[in-house]
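First comes the structure, then the notes that go with it.
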Amino acid sequence: MVTPFSDSPLSPFKTIAVVGLGTMGTGITEVLAKAGRDVIGIDINEVQAAKSLSALEASTARAVARGRLTEQERSDLLARVRTCTDLRAAADADLVIEVAPESYEIKQQIFRELDGIVRPDTILATGTNALSVTRLAADAARPERVLGLHFFNPAPAMKLVEVVSSVLTAPQAVAAVTDFAIELGKEPVAVGDRPGFVADGLLFGYLNQAAAMYESRYASREDIDAAMRLGCGLPMGPLALLDLIGIDTARTVLEAMYAESGDRLHAPAPILGQLSAAGLTGRKAGRGFYTYDAPGSATVVADALTPAAGGSGTPGRAVRSVGVAGSGTMASGIAEVFAKAGYEVVLAARSEEKAETAKARIGKSLSRSVDKGRMTAEAAAQTLDRITPAGSYDAFADVDLAVEAVAEDLAVKQQLFAALDKVCKPGAVLATTTSSLPVVACARATSRPQDVIGMHFFNPAPAMKLVEVVRTVLTADDVHATVLEVCRKIRKHPVDCGDRAGFIVNALLFPYLNNAIKMVEEHYATLDDIDAAMKLGGGYPMGPFELLDVVGLDVSLAIEQVLHREFRDPGLAPAPLLEHLVAAGCLGRKTGRGFREYARR
C-alpha cells in the first residue's frame, strides 16, 4: 500500500544530490549550482567525478570570459559543489536526481541503496528517457516520492524539463518539482510514464526512420541531413544528431519504445545495432554515421563515404531560358528565383490574365525586397523585365528547361507533360515540382521520359534554400547533371533522392507529425505541451501542431495517405483525429480553425 503524503509542506530543495556525473549529470550540476543550490555530485568512478569537476571549472571559466558570470559568481558557484564516490553523501539531500546509465539493474540498485540513506521526505527523481518510471518507483520504499525529471542536453542551455509522474507518484511531489524547475529558469512540461515521454517519443521515431532511409541507400547521409536542416529549419540533421546523442543510447531508447508500442516505426533500424556492436557509437567514439577528428570532437573529417567535390563528372545541357508553368504562389516564387539568377523566364498559365497576375505578384515580392534593402530598385526592375507572361504553353517552344508548378493532381500533371512533350524543343529538360506524386508517371506521359526529372522546391521558393532533385529509373545522367548545376546557379542546395513517396523531407516529417496527433488522441499530452516540448527540447522552429495548421490539415492528410499507400506500414496510417478535422472543414489557419482557432482576417 502506498503511504500517503503527510500534510506538512515539502522541505525546500536547498541541497541536491546528482548521482551519475557523465555529460548530463555534470550539466545538471551546473544548472543547480548557478541557481544557488548546494550540490553533491556522486559517481562510483573517482576519475569520472574528477573529470566532471574539471568540466564544470572549464564551463564556468568560459562563462566568465563571455561576460555571463563574474569571477566572484564563479567562485561562489564552484564552492557550492562537492563530488564524491559514496551514495551515503546523499543523506542530507532534499532531492536526489539520478542520471546513471540507462539500465534497470543499475538504476534499481541505486534507488534501493538510497532508500536506506535519505530522509523519508526526500524526493527521488530519475533522469531516464527510456525506462519506465513506474517500474523504478514500484521497487522503491516510498514510491509516492519517485518521479521522472528529464533534462535535455546540454542541460545549462536547454530550457525544457519533462516532469514525469507514474500512477504511484503523489501530486504534491509533482507540484514541488515543477515549481522547482521554474525556479531554475526551465520550462517544465507535465507528462505521463511512457518510453521517450513527449520530446524523445517523437524525436527518436524520426531519427530511426532517417537511419533506415540511409541504410536503404535511398539518399546519402549528407543529403538526408541537409534536407532536414534546410527544408524544416532544424538545427541539426538526424544522422548528425544520432552521432551526438550516441547511437547506442538511441538504440536503447527505441528498443524501449518498440517494446511498449509494437509500432514498426520504433523498431530500431538494423544499422543502429550494427554500428553499436562495432563500437561506432558517434562523436564519443570518434566515428558513427560520420567520422570525427578525435573521440568527443564535433569536427567532421572526410572519409570513404564523403562525396567527391567535383560531382559525377557528367556534363550537363546548356540552360539559358526557363519556362515556368502555373500561376499560383509556388510558380510565381520559382519564376522569381530563376529571374533573379539572370535567366530569361517565360511564365505561362491557362490564360494571359492569370499569367499577368502572377507576374504582378512577383513585382510586389521584389518591391518588398527593395524596401528591406535586400536588392536595389534597379536590380528589381531588371529581374521583373526578364519575366515574360504567356497565356499558352506554346510559349515554351524555345526554353531549355520547363518547370511545372500546377495543382498536385496526377491527371492534371500528366496532361501538362503530354502538352510540354509536343511544344518543347528536343533536348529540353522537363521538371515537375511535385511533393508527393510519382515523377515517373509524369515522365511516361511523354515520348522522352529520359528528359524528365523532379525539382521539388519548398515554399516560399525565394527564401527556402532546398531543392530535392528526384531521379526516376529512366532519367538520363546529363539531365540529372543539368539540374544539379542549375540549382547551384540559382543559389539553392540540391539533394539527390529517388522517386518514391515523400522523397526525403516529407517522408521523415509527416510520420513525426502524425505521431504527435496520436499523442493528443491518447490524451497523453496537450497541444501546447507537445509544441513546447519540440521547440524547447528539439530546437524545432515550430511545434508540430503549429506546423500542421500552417501547412493545412487537408494537405497534411493527403501526404500521409500517399505515404501510407506507398509503404503499407500500419504505423503510417493517418491519425483518425486528423481525418475528422478535415471532414469537418477545419483545415488550419486558412479556414480560421484547425488544431487551434485563429482570428478571422
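Numbering starts at 1 and runs along the sequence shown.
With respect to the salt-bridge test (charged N to carboxylate O, under 4.0 angstrom), the residues Arg37 and Glu183 qualify. Between Asp293 and Arg287 no salt bridge is recorded (no basic side-chain N to carboxylate O distance below 4.0 Å). A salt bridge does not link Glu260 to Arg194: none of the charged nitrogens lies less than 4.0 Å from a carboxylate oxygen. One finds a salt bridge joining Arg119 and Asp94 here, because a Lys/Arg side-chain nitrogen approaches an Asp/Glu carboxylate oxygen to under 4.0 Å. Ion pairing between Arg80 and Asp38 fails under the 4.0 Å rule for side-chain N and carboxylate O. Comment: Glu546 engages Lys535 in a salt bridge, judged by a side-chain N to carboxylate O separation of less than 4.0 angstrom.
A donor and an acceptor atom, one from each side chain of Gln108 and Asp139, are located under 3.5 Å apart. Counted by atom type alone, Arg283 and Thr299 present zero donor-acceptor pairs between their side chains at under 3.5 Å. Judged by distance alone, the side chains of Glu113 and Gln109 do bring a donor and an acceptor atom under 3.5 Å apart. Residues Thr249 and Thr252 have side chains that never bring a donor and an acceptor to within less than 3.5 angstrom of each other. A donor-acceptor pair shorter than 3.5 Å cannot be found between the side chains of Thr281 and Asp248. Using modelled atom types, one finds no donor on one side chain facing an acceptor on the other under 3.5 Å when comparing Tyr290 with Asp303.
The shortest side-chain heavy-atom distance between Thr126 and Val133 falls under the 4.5 Å cut-off. Inter-residue side-chain proximity for Glu468 and Val505 is flagged as met; some heavy-atom pair is nearer than 4.5 Å. Two residues are said to be in side-chain contact when any heavy atoms from C-beta on lie closer than 4.5 Å; Glu215 and Pro270 meet this criterion. Looking at heavy atoms from C-beta onward, Leu149 lies out of side-chain contact with Val164 at the 4.5 angstrom threshold. For the pair Leu563 and Ile559, the minimum side-chain heavy-atom distance is below 4.5 Å. Counting only heavy atoms from C-beta outward, the side chains of Arg500 and Phe567 approach each other to under 4.5 Å. Two residues are said to be in side-chain contact when any heavy atoms from C-beta on lie closer than 4.5 Å; Leu202 and Met519 meet this criterion. For the pair Leu466/Val495, a side-chain contact is recorded, criterion being any heavy-atom separation below 4.5 Å from C-beta on.
Annotation for Asp92: atom CG does not count as buried by contact number, only 12 or fewer foreign heavy atoms lying within 6.0 Å. Ile44 CD1: 12 or fewer foreign heavy atoms inside a 6.0 Å radius.
The aromatic rings of Phe503 and His456 lie tilted to each other, with the angle between the two planes from 30° to 60°. Ring-plane geometry between Phe545 and Phe595 is classed as perpendicular, the angle between the planes exceeding 60 degrees on a 0 to 90 degree scale with a lower cut at 30.
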**Request:** Apply side chain to side chain donor-acceptor pair (under 3.5 Å) to the pair Thr60 and Arg74, showing each step before the final yes or no.
**Result:** CA-CA 6 Å; Thr60 52; Arg74 176 177 184 258; 3.0 Å; yes

**Request:** Report the C-alpha separation of Glu144 and Thr169 in whole Å, then their side-chain angles, then the decisive distance to 0.1 Å, and conclude whether the side chain to side chain donor-acceptor pair (under 3.5 Å) test is met.
**Result:** CA-CA 4 Å; Glu144 73 279 7; Thr169 312; over 6 Å; no

**Request:** Applying ring-ring contact (aromatic ring centres under 6.0 Å, His included), run through Phe510 and Tyr206 and close with a yes or a no.
**Result:** CA-CA 9 Å; Phe510 280 89; Tyr206 150 71; over 10 Å; no

**Request:** Test side chain to side chain donor-acceptor pair (under 3.5 Å) on Thr134 and Asp193 and set out the steps.
**Result:** CA-CA 7 Å; Thr134 307; Asp193 183 24; 2.5 Å; yes

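The aromatic ring centroids of Phe111 and Tyr104 lie 6.0 Å or more from each other.
Looking at Lys186, its side chain does come within 3.5 Å of a backbone N or O of Met158 through a donor-acceptor pair. Using a distance-only test at 3.5 Å, with no hydrogens or angles considered, a donor-acceptor pair links the side chain of Asp243 to the main chain of Phe289. Remark: the backbone N or O of Val191 is not paired with any side-chain donor or acceptor of Asp529 at under 3.5 angstrom. Listed for the Glu522 side chain is no donor-acceptor partner under 3.5 Å among the backbone atoms of Tyr524. A donor-acceptor contact shorter than 3.5 Å is absent between the side chain of Lys14 and the backbone of Gly36. With hydrogens and angles disregarded, a donor-acceptor distance shorter than 3.5 Å links the side chain of Thr122 to the backbone of Ala93. A donor-acceptor pair is defined here as one N or O able to donate and one able to accept, closer than 3.5 Å; no such pair exists between the side chain of Asn153 and the backbone of Met24.
With rounding to the nearest 0.5 Å, the separation of SG in Cys497 from CE in Met213 is 8.0 Å.
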